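Everything on this sheet refers to the single structure shown next.
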Amino acid sequence: MKARISLPGVLFLLIATACSHKPEFSSFGGLAQGTTYSIVFQKSENTDPFTLRNEVESLLAGFDMSLSLYKDSSLLCRINRNENVKPDKYFTEVFTRSAEISDLTGGAFDVTVGPLVRAWGFGPDGKKDVSPSGIDSLLQLVGM
């Protein structure tokens with residue numbers, strides 16, 4: 001007697017064996033850019049969680065030291081204080097792309113709105129009481 005393999009039987013076996021191996025996940029998180037982050041990843045033989053965490057933290061630390069408004073020692077804060085510093089790759093790339101988007105939006109996208117953003121309480125310093133004339137003064141600092 002010959003054994004017959006049916007298509008429904010094969011599909012059942014494939015589904016049953018595929019469902020029996022549930023992937024395992026791991027996660028880690030931390031602080032960057034004045035907020036939190038969380039990374040969830042599927043465990044595998046090729047992924048070392050310790051190495052992955054170190055790589056992510058290194059990348060975020062470099063980005064933070066370049067573009068953070070929450071770290072007084074960041075490149076961006078130093079540039080905003082008119083210190084004599086050389087822009088790094090993160091700053092150069094973000095500034096260049098920001099200028100392109102500003103042009104494409106007719107100035108609606110403007111990375112120089114920081115003084116207004118801080119005055120309205122969206123920055124690291126909290127909300128400030130700003131008069132309409134104070135807003136007019138801040139508008140003089142805005143405009144890419």
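Note that this is a predicted model, so its numbers are computed, not measured.
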What do the steps show when you test S66 against D88 for side chain to side chain donor-acceptor pair (under 3.5 Å), and what is the final call? CA-CA 7 Å; S66 179; D88 66 4; 2.8 Å; yes
Let's go through F50 and F28 carefully: what are the C-alpha distance in whole Å and the side-chain angles of both, what is the deciding distance for side-chain contact (heavy atoms from CB on, under 4.5 Å) to 0.1 Å, and is it a yes or a no? CA-CA 10 Å; F50 183 76; F28 61 87; over 6 Å; no
Verify side-chain contact (heavy atoms from CB on, under 4.5 Å) between D110 and V113, making sure each step is shown before the conclusion. CA-CA 6 Å; D110 187 350; V113 298; 4.0 Å; yes
Working note: K71 + M65, criterion side-chain contact (heavy atoms from CB on, under 4.5 Å); need CA distance, chi angles, decisive distance, verdict. CA-CA 7 Å; K71 292 184 182 290; M65 287 312 299; 3.7 Å; yes
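Nearest approach of M144 to S102, heavy atoms of both residues: SD-CB, 3.9 Å. Of all heavy-atom pairs between T51 and D48, the closest is OG1-OD2, 2.5 Å. Across every non-hydrogen atom of L76 and S68, the tightest pair is CB-O, 4.4 Å. A pairwise comparison of heavy atoms in S26 and K43 identifies CB-CE, 3.6 Å as the closest pair. In terms of heavy-atom proximity, Q33 sits nearest to Y70 at O-CE1, 3.6 Å. Across all non-hydrogen atoms, the minimal contact from L75 to P87 is CD2-CA, 3.8 Å.
Side-chain heavy atoms closer than 4.5 Å link hydrophobic residues (I, L, V, M, F, W, Y) into clusters, and following such links, even through other members, never connects L52 to F63. No continuous path of hydrophobic side-chain contacts links L67 to V56 [ILVMFWY only; heavy atoms under 4.5 Å]. Follow the hydrophobic side-chain contacts under 4.5 Å out from Y90 and you reach I79 in the same cluster.
Using a 4.5 Å cut-off on side-chain heavy atoms (C-beta onward), D72 and R81 make contact.
In this structure, D64 contributes its side chain and A32 its backbone to no donor-acceptor pair below 3.5 Å. Remark: side-chain polar atoms of S98 are paired, donor with acceptor, to backbone N or O of V94 under 3.5 angstrom. Between the side chain of T96 and the main chain of T92, a donor-acceptor pair closer than 3.5 Å is present. Between the side chain of T35 and the backbone N or O of L31 there is no donor-acceptor pair closer than 3.5 Å.
Note that CG of L116 is 5.5 Å distant from CD1 of I135, once rounded to the nearest 0.5 Å. From L69, atom CG reaches atom CG of N80 across 7.0 Å, with rounding to the nearest 0.5 Å.
Within 6.0 Å of CZ on F95 lie no more than 12 heavy atoms contributed by other residues, nucleotides or ligands. For CD of E93, the number of neighbouring non-hydrogen atoms (other residues, nucleotides, ligands) closer than 6.0 Å is 12 at most.
Donor-acceptor pairing under 3.5 Å is lacking for the side chains of S44 and N46.
Comment: E57 engages R53 in a salt bridge, judged by a side-chain N to carboxylate O separation of less than 4.0 angstrom.
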